[in-house]
Amino acid sequence: MTDYDAVVKLALERGFYFPSCEVYGDAQAGFWEYGPSGVSFKNKFLELWRRELIRRDGMMEIDGSQIMSGSVFEASGHLASFADPITRCKKCGLTVRADKAIEEAARITVPEAAEPAEFDRIIDAEKIRCPKCGGGFASTERFNMMFKVGIGPEGREAYLRPETCQSIFVDFPRLFKSMRGRLPMGVGQIGKSFRNEIAPRQGLLRLREFYQAEIEVFCNPARLDLVEGFAAISDTVLRLQMTTEDSGVMNVTCARAVESGLVPNRLVAYYLGLLSEFYEKTGIDMSRGRFRRLGQKEKAFYAEVAFDFEVETSTGWLELVACNYRSGHDLSGHAAKSGEKFEVMDGDEKVLPHIFEISMGIDRSLYTILEHSLRHDGEHDRTVLSLKPYLAPVHIGILSLVKKDGLREKTDEIHNSIKRRCDAFLDHSGAIGRRYRRLDEVGAPLAATIDHQTLEDNTVTVRMRDSMEQSRVGVAELDSVVAAHTSYP
RNA sequence: GCGGAGUUAGUUUAGCCCGGUAUGACGUCAGCUUCCCAAGCUGAAGGCCGCGGGUUCGAAUCCCGCACUCCGCACCA
């Protein structure tokens, strides 16, 4: 069984995640639900994100609409650029990208954003045929990856957002004014985005409806090297890979990365440093991670400089975060379309802020943490999910060694006294070893077992997930033991 | 979307070639055991065999279509 299969099996058996609408045959691919363990785990991951990025850096957090008006995506460029020109072979049904087919057959480069009729004209003029069967092509159409929705009885045009950040951009003027903003200003958001992927695949890794945690840093393009607090991360090590040459991954400090020109400025290096420190704390094996600088062709249409944070998993290198320097693309687009002013004062200077974004895929991050944390302990023949204690869905299992002689009642009492302050799981049934194994599988770092001695001296056995070591702890101290062991770093 | 493989209980799996409504394991639940690492014993629940149609007296099994999952290609601002 591959690591991927092992994670999927655990996810299904232990309620981390599973397919949406699975009782119906018309369920579509690319939609998954988080179960109880998954939600508890996700919430803790997001709390870590808030601590390490939003609060640490004094950013704002908003929660925007998932449905946004058509104008937003006209201004952002998504209506024109987030769509592929596709054409279909009339004989064998092969669907190809019109621009790719023309490029390959006739060596003519047509801009992706050209009109469909332009593609048809060239296909006709160059007598381009299906590369597979030689058949003729039907008319070129635009397949836009945004989900269109109709608002109200008239069905007014709107779209499910394909990235959460558009809310942040259009809210910027109000946020800057009402929240007494000053540059650089970070605004974050956790929420869902929607993309009509042609072929969703691999569970949480490629979804049509997915979670993003995005941070948009509004900055003065003339002051990208004036970063307050840079000293805090200047010695943080980044694992960098340049795309141009087949260079390996280099370990360089943030300070060194800027000096050597590997990272264009201190602002970008600062946030790569914060991000690196964040992921270190998620339990992902950072020796299998890298920040890869993207080449011209790989970058998104709005990005000037882009680094992807990628991690090696059993499915190959997986992109968890896109860090894009989007320059003035977004705000100038919204300014022009809306007529609203997006310039702000930075000291004595009036500037249209540029944007550096940290766009995190939450689902992919959660998957990667699970895969990197799941291990088989051959010595004791058990499956252990060695999550960081602060990310575990269950903090502590509360178990009765046996049910009789009042141990069940004592166990219930202890569970009741603790359950509002942490995620405690009560279990009376089955052999004690079996219950420990169950807790190991959901990643619970602690278990407290109530036995006959508890009735005499009010102590319990506390068992550690990773070492399986046991110690005797007073019931009165249980609270503080749990808090100390499961608190965020 | 193309090509390939697959889909039977929570998980895993037999049965399919050679039609007669389904097998085992693990897990779950209850009881006994009162026990500190998946112990043992007894019992139970759980399946419209992915969905729809066809052939047939009768379909998990044969035929057709569709969906989903996985792999490869293409795609992935």
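Every chain is numbered from 1, with letters handed out A, B, ... down the list of sequences. Computed from a prediction, not measured in an experiment: that's the story for all the values here.
Under the Watson-Crick or G-U wobble criterion, with both distances below 3.5 Å, B/rU56 has no partner in any strand shown. Across all strands shown, the partner of B/rG43 is B/rC29, judged by Watson-Crick or G-U wobble contacts whose two distances both fall under 3.5 Å. The base-pairing partner of B/rC36, taking Watson-Crick or G-U wobble contacts with both distances under 3.5 Å, does not exist among the strands shown. B/rG19 is unpaired under the criterion used here, namely a Watson-Crick or G-U wobble arrangement in which both key atom distances are under 3.5 Å. When Watson-Crick and G-U wobble pairs are counted only if both distances are under 3.5 Å, B/rU61 pairs with no nucleotide at all. Of all nucleotides present, only B/rU69 satisfies the Watson-Crick or G-U wobble test against B/rA5, with each distance under 3.5 Å. Both distances falling under 3.5 Å, in either a Watson-Crick or a G-U wobble arrangement, occur for no nucleotide opposite B/rC48.
If you measure from atom CG of A/D308 to atom P of B/rC76, you get 14 Å, rounded to the nearest angstrom. Taking atom CZ of A/R364 as the reference point, atom P of B/rC76 lies 13 Å away to the nearest angstrom. A straight line from OH of A/Y17 to P of B/rU69 spans 13 Å, rounded to a whole angstrom. Taking atom CZ on A/R208 and atom P on B/rG1, their separation rounds to 9 Å, with Å as the unit. Counting to the nearest Å, the P atom of B/rC51 and the CD atom of A/E22 are 13 Å from each other. Rounded to whole Å, the distance from CD on A/E319 to C1' on B/rC75 is 14 Å. Protein atom CZ of A/R206 is 14 Å distant from nucleotide atom C1' of B/rC71, rounded to whole Å. One interatomic measurement links the two molecules: NZ of A/K404 to C1' of B/rC32, which rounds to 11 Å at whole-angstrom precision.
One finds no salt bridge joining A/R208 and A/E197 here, because no Lys/Arg side-chain nitrogen approaches an Asp/Glu carboxylate oxygen to under 4.0 Å. Ionic pairing of A/D440 and A/R382 is present here: one or more N-O contacts between side-chain nitrogen and carboxylate oxygen are shorter than 4.0 angstrom.
Comparing the C1' positions of B/rG6 and B/rU13 gives an interatomic distance of 14 Å, to the nearest angstrom. Nucleotides B/rG24 and B/rG46 are separated by 15 Å at their C1' atoms, to the nearest Å. When the P atom is used for both B/rA25 and B/rC36, the distance is 28 Å, rounded to whole Å. Taking atom C1' on both nucleotides, B/rC51 is separated from B/rC68 by 10 Å, rounded to a whole Å. As rounded to the nearest Å, B/rU69 and B/rU8 have C1' atoms that lie 15 Å from one another. Annotation: B/rG50 and B/rA22 have their P atoms spaced 14 Å apart (nearest Å). Nucleotides B/rA60 and B/rC18 place their C1' atoms 15 Å apart, quoted to the nearest Å. A distance of about 49 Å separates the C1' atoms of B/rC57 and B/rA38, rounded to the whole Å.
Mapping A/S359 and A/A29 onto RNA chain B by nearest heavy atom places A/A29 closer to the 5' end of the strand. Comparing A/Q212 and A/D5 by the nucleotide of RNA chain B that holds the closest heavy atom to each, the one mapping nearer the 5' end is A/D5.
Residue A/G203 is in sugar-phosphate contact alone, with no base atom involved, counting any heavy-atom pair closer than 4.0 Å across all strands shown. If you check every strand for non-hydrogen atoms under 4.0 Å, A/Q28 touches sugar and phosphate atoms only.
For the residue pair A/S359/A/E163, the side-chain donor-acceptor check at 3.5 Å is not satisfied. For A/S327 and A/H329, the side-chain atoms include no donor-acceptor pair closer than 3.5 Å.
Residues meeting the side chain to side chain donor-acceptor pair (under 3.5 Å) test with A/Q453, sequence neighbours left out: A/D457. Scored by the side chain to side chain donor-acceptor pair (under 3.5 Å) test, A/E310 finds A/R290, A/R292 as partners (sequence neighbours excluded). The side chain to side chain donor-acceptor pair (under 3.5 Å) test applied to A/R14 returns A/E441, not counting sequence neighbours. Applying the side chain to side chain donor-acceptor pair (under 3.5 Å) criterion to A/T315, with sequence neighbours excluded, gives A/T313.
Residue side chain A/R201 does not reach the base of B/rC68 through any donor-acceptor N/O pair under 3.5 Å, judged by distance alone.
Among residue pairs with one or both ends in residues 428-465 of chain A, none qualify as ring-ring contact (aromatic ring centres under 6.0 Å, His included); sequence neighbours excluded. Residue pairs meeting the salt bridge (charged side-chain N to carboxylate O under 4.0 Å, His left out) criterion with at least one partner in residues 352-370 of chain A, sequence neighbours excluded, are A/R326-A/E357. Among pairs with a residue in residues 443-455 of chain A, those fulfilling salt bridge (charged side-chain N to carboxylate O under 4.0 Å, His left out) read A/D451-A/R472, at least two apart in sequence or across chains.
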Dump the pairs, protein N or O against N or O of nucleotides 7-12 of chain B, anything under 3.5 Å, distances to one decimal.
| residue | atom | partner | partner atom | Å |
| --- | --- | --- | --- | --- |
| B/rU11 | O4' | A/E13 | OE2 | 3.4 |
| B/rU11 | O2' | A/K9 | NZ | 3.4 |
| B/rU11 | O2' | A/E13 | OE2 | 3.1 |

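Side-chain rings of A/Y4 and A/Y367 approach one another, their centers coming within less than 6.0 Å.
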Starting at the 5' end of nucleotides 36-43 of chain B, put B wherever the base has a protein heavy atom under 4.0 Å, S where only the sugar-phosphate does, and a dash everywhere else. BBBS----

